[in-house]
Amino acid sequence: MRYIILTIILLTSLFSNPLWLKQSSNQQYIGGVGIVNDISQKRIALMQARAELLENIKVHISSTLNINRTLYSNGDYKSDISRSLTQKAEGYLKNSFKKDSFIDKDGRYYVWVVIEK
């Protein structure tokens, strides 16, 4: 009986998703999660996780607002307004490391890459 209960607990923990899948950062770490459909693509998952981590750390946002006004001789004017917003994350991740990984029941591979706060 004790072995059956232990087996049930073990199987439940194997198929439950880790908390970091829902929240990649916590009080101790800033993190990012990478996901691939096949475990043979671990390197791609690591690259995705590092990219997400970088976005969580440093995001450059640039905004441009252009207003062009044409003044006519009769005093009327015409305004053309355009706006663009660009978001970019780039940088070097020093001291980042793979904290954990997980394979779900469908075979998808998840990796959690973090840096300490």
Side-chain angles (χ1 to χ4, degrees):
M1 183 67 170
R2 184 185 308 170
Y3 294 111
I4 294 172
I5 293 172
L6 185 60
T7 303
I8 291 171
I9 292 171
L10 180 63
L11 288 174
T12 303
S13 67
L14 284 175
F15 292 110
S16 63
N17 294 341
L19 181 60
W20 53 262
L21 282 181
K22 294 179 183 171
Q23 184 176 355
S24 63
S25 297
N26 58 33
Q27 291 179 345
Q28 187 175 359
Y29 301 108
I30 299 172
V33 177
I35 307 164
V36 290
N37 290 325
D38 188 343
I39 195 168
S40 68
Q41 300 174 326
K42 284 182 178 182
R43 293 184 71 167
I44 294 171
L46 277 169
M47 289 179 355
Q48 288 176 349
R50 287 187 178 116
E52 182 180 301
L53 172 59
L54 190 57
E55 286 180 16
N56 289 338
I57 296 171
K58 190 175 187 180
V59 176
H60 299 282
I61 298 176
S62 65
S63 176
T64 305
L65 179 64
N66 294 319
I67 301 174
N68 296 318
R69 288 190 176 162
T70 306
L71 183 59
Y72 298 105
S73 60
N74 64 359
D76 291 341
Y77 67 90
K78 175 183 167 188
S79 294
D80 292 318
I81 300 173
S82 65
R83 181 178 177 184
S84 74
L85 182 67
T86 304
Q87 180 176 329
K88 181 180 177 182
E90 65 178 37
Y92 175 71
L93 292 176
K94 187 175 181 180
N95 300 325
S96 67
F97 60 97
K98 177 181 132 182
K99 180 69 177 162
D100 200 4
S101 62
F102 172 73
I103 301 172
D104 69 10
K105 61 182 167 77
D106 297 322
R108 286 184 294 262
Y109 176 76
Y110 301 79
V111 63
W112 185 33
V113 173
V114 298
I115 59 171
E116 292 187 14
K117 286 187 176 179

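Heads up: numbering here begins at 1 and tracks the sequence.
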Taking all heavy atoms of [X] and all of [Y], pick out the closest pair and write down the distance.
X	Y	result
V114	L53	C-CD2, 4.2 Å
V113	R50	CG1-CG, 4.0 Å
S25	I30	OG-CA, 3.4 Å
G32	E52	CA-OE2, 3.5 Å

side-chain hydrogen bond (donor to acceptor under 3.5 Å, both in side chains) partners for [X], two or more places apart:
X	answer
R69	S79
D38	S40
D80	none
N26	none

Discussion item. Quick test of your reading: applying salt bridge (charged side-chain N to carboxylate O under 4.0 Å, His left out), list the pairs with at least one residue in residues 107-117, sequence neighbours left out, ordered by first then second residue.
Written reply: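 Of all non-adjacent pairs touching residues 107-117, those that pass salt bridge (charged side-chain N to carboxylate O under 4.0 Å, His left out) are D104-R108, D106-R108.
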Worksheet item: Can you check whether Q41 reaches Y109 side chain to side chain, under 4.5 Å on heavy atoms?
Response: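 Sidechains of Y109 and Q41: no contact.
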Worksheet item: Taking the side chain as C-beta and beyond, is there a heavy-atom pair between N68 and T70 under 4.5 Å?
Response: no
Euclidean distance, [Y] [atom2] relative to [X] [atom1], rounded to 0.5 Å:
X	Y	atom1	atom2	answer
S84	N66	OG	CG	7.0 Å
I81	I67	CD1	CD1	5.0 Å
I44	I35	CD1	CD1	13.5 Å
N56	Y29	CG	OH	16.0 Å

Worksheet item: Counting only N and O atoms by type, is there a donor-acceptor contact under 3.5 Å from the side chain of W20 to the main-chain atoms of W112?
Response: no
Worksheet item: With distance as the sole test, does S24 use its side chain to make a donor-acceptor pair with the main-chain N or O of G31 at under 3.5 Å?
Response: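 Judged by distance alone, yes, a pair lies under 3.5 Å.
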Worksheet item: Considering residues at least two apart in sequence or located in another chain, which fulfil the side-chain contact (heavy atoms from CB on, under 4.5 Å) criterion with L21?
Response: N17, P18, V33, F102, Y110
Discussion item. Check for me, please, whether V36 and M47 land in the same ILVMFWY cluster - side-chain distances under 4.5 Å, paths through other members count.
Written reply: no
